Amino acid sequence: MSNRWWEIKVSCEPNLEESVFWRLEKFGCSGTATENNGKISFIRAYIPDIKVREIDLAALSFWLRQDAVLLAIPEPVMEWGLLDEEDWSSSWKQHWEPIEVGDRFLVNPAWLDPPANSDRLIITIDPGTAFGTGTHPTTQLCLESLEIRLSNRAEEQTVADIGCGSGILSIGAILLGARKVYAVDTDPLAVNASRSNRHLNHVNPEKLSINEGSAGELLEIIPDGVDGIVCNILAETIVEILPGLTLLARPKTWGILSGIILDRVDIVSDALETNGWEISALWKRQEWCCINIRRLDRDGEMGT
Ligand SMILES: C[S@@+](CC[C@H](N)C(=O)[O-])C[C@H]1O[C@@H](n2cnc3c(N)ncnc32)[C@H](O)[C@@H]1O
């Protein structure tokens, strides 16, 4: 018998997007994709049908509407239906084209040939159920920030990718020349997806380690910390794990934090100050923003 998946489709105002993502993540969805026409966000998420019953989906729909009422935003519309494994994977494939990101990257779906004459760094991705196709603004902002951070002495730098999803940011960092990347994700399906994408991109496991867990688990592997941290998770989760990220930092460690909806920047920025970080740049795209950070205690040296 083939595996089946619930496909959940939510249409909502862009400023409800973060709250919808948060609910979907809590619900256990590991695959999500979004399109935004400027006025409405269309979010798709997938979850194996053995994990939830229809009554759970009805409850999810209720919570999404309730969140909108509390935020005084028009209520979202949620629909759901069952897909066979084959339909589920072709549904992904239909909605995804190669995409240029930043000045250097081209993210190419694994089932399409890469463009012949591109001078870009090609990241080949089959996301499986994991987040990270390169189409979401939060992923793009991270890749663009990595281009800046690794434009200088990349070969000397080690990077931690917290919440690696499909592994797209880790692979991007390796292609930019990082010495070593340590990736973690709490979702075992994301860990599997990252490992198979590492293989698809011919990245040596010695250069990119991928494990289940979060900042705490990484600290056991690399007690001396890293030169850079990239973390594309929602604002509330970033605040929660910030003390752990801080333990991974050295005096000159830089950070890239994405997945933050504009009106949640304040909670992240307060937590950053408490944990000894300052914001060096803030990039916005649609409703999302990505914060580039550096340590406050850098022995008086100005960071880049
Ligand atoms: C928005 S996706 C980012 C995926 C990819 N890094 C990207 O930029 O496209 C967030 C990922 O973080 C993982 N995650 C959520 N909470 C986490 C935590 N506390 N520690 C580590 N990973 C977490 C999720 O399973 C998910 O794969």
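When reading the values below, keep in mind they use all heavy atoms of this one structure, side chains included, and skip hydrogens, waters and symmetry mates. Please read these numbers as outputs of a predicted model, since none were measured by experiment. In listed order, ligands and their atoms are each counted from 1.
Salt-bridge formation is detected for the pair Arg44/Glu7: a Lys NZ or Arg NE/NH1/NH2 atom is positioned less than 4.0 Å from an Asp or Glu carboxylate oxygen. Salt-bridge check for Glu144 with Arg285: passed, with a basic side-chain N closer than 4.0 Å to an acidic carboxylate O.
A side chain to side chain contact (heavy atoms under 4.5 Å, CB included) with Ser214 is found for exactly one of Asp185, Leu245, Ile162, Leu219, namely Ile162. Shown are Thr274, Ile233, Val268, Asn275; of these, the side chain to side chain contact (heavy atoms under 4.5 Å, CB included) with Val239 is made only by Val268.
The shell of residues lying under 4.0 angstrom from ligand 1, judged by heavy atoms, includes Gly213. By the 4.0 Å heavy-atom criterion, Glu25 is counted among the residues contacting ligand 1. Taking a 4.0 Å cut-off on heavy atoms, Cys164 registers as neighbouring ligand 1.
Close approach to Thr237 involves these atoms of ligand 1, each under 4.0 Å from a residue heavy atom: 16 (N), 19 (N). Heavy-atom contacts of Asp187 reach the following atoms of ligand 1: 25 (O) (cutoff under 4.0 Å). Shown in contact with Gly163 at under 4.0 Å from a heavy atom are these atoms of ligand 1, numbered in order with element: 3 (C), 4 (C), 5 (C), 6 (N), 11 (C), 12 (O), 13 (C), 21 (C), 22 (N). Within the listing of ligand 1, atoms 4 (C), 27 (O) sit less than 4.0 angstrom from a heavy atom of Gly165.
By the criterion of a heavy-atom distance under 4.0 Å, neither the backbone nor the side chain of Leu234 is placed next to ligand 1. Under 4.0 Å from ligand 1, heavy atoms of Asn232 appear from its side chain as well as its backbone. Counting heavy atoms under 4.0 Å from ligand 1, residue Thr186 touches it through both backbone and side chain.
Note on residues 241-251: pairs passing salt bridge (charged side-chain N to carboxylate O under 4.0 Å, His left out), not counting sequence neighbours, are Asp227-Arg250.
The distance criterion of under 3.5 Å between nitrogen or oxygen atoms is met by Thr139 with respect to ligand 1. Residue contacts with ligand 1: Asp161 is placed with no nitrogen or oxygen under 3.5 Å of a nitrogen or oxygen of the ligand (distance criterion only). Checking only distances, Val184 never comes within under 3.5 Å of ligand 1, N or O to N or O. Between Ser166 and ligand 1, no N or O atom pair is found at a separation short of 3.5 Å.
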Please list, one pair per line, the donor and acceptor atoms closer than 3.5 Å that link side chains of residues 257-264 to other protein atoms, with sequence neighbours excluded.
unit_1	atom_1	unit_2	atom_2	d
Ser258	OG	Thr138	O	3.0
Arg264	NH1	Glu236	OE2	2.4

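Counting only N and O atoms by type, the side chains of Glu18 and Trp288 include no donor and acceptor under 3.5 Å apart.
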Practice task
I would like to know whether Glu100 and Arg120 meet side chain to side chain contact (heavy atoms under 4.5 Å, CB included); could you show each step before the answer?
Solution key: CA-CA 8 Å; Glu100 291 189 350; Arg120 286 176 169 256; 3.4 Å; yes
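Both tests pass for Arg295 against the ring of Trp277: distance under 6.0 Å to the centre and angle within 45° of the axis.
In terms of heavy-atom proximity, Thr135 sits nearest to Thr133 at OG1-OG1, 2.7 Å.
The residue among Val107, Asp185, Ile168 with a heavy atom at the shortest distance from atom 26 (C) of ligand 1 is Asp185.
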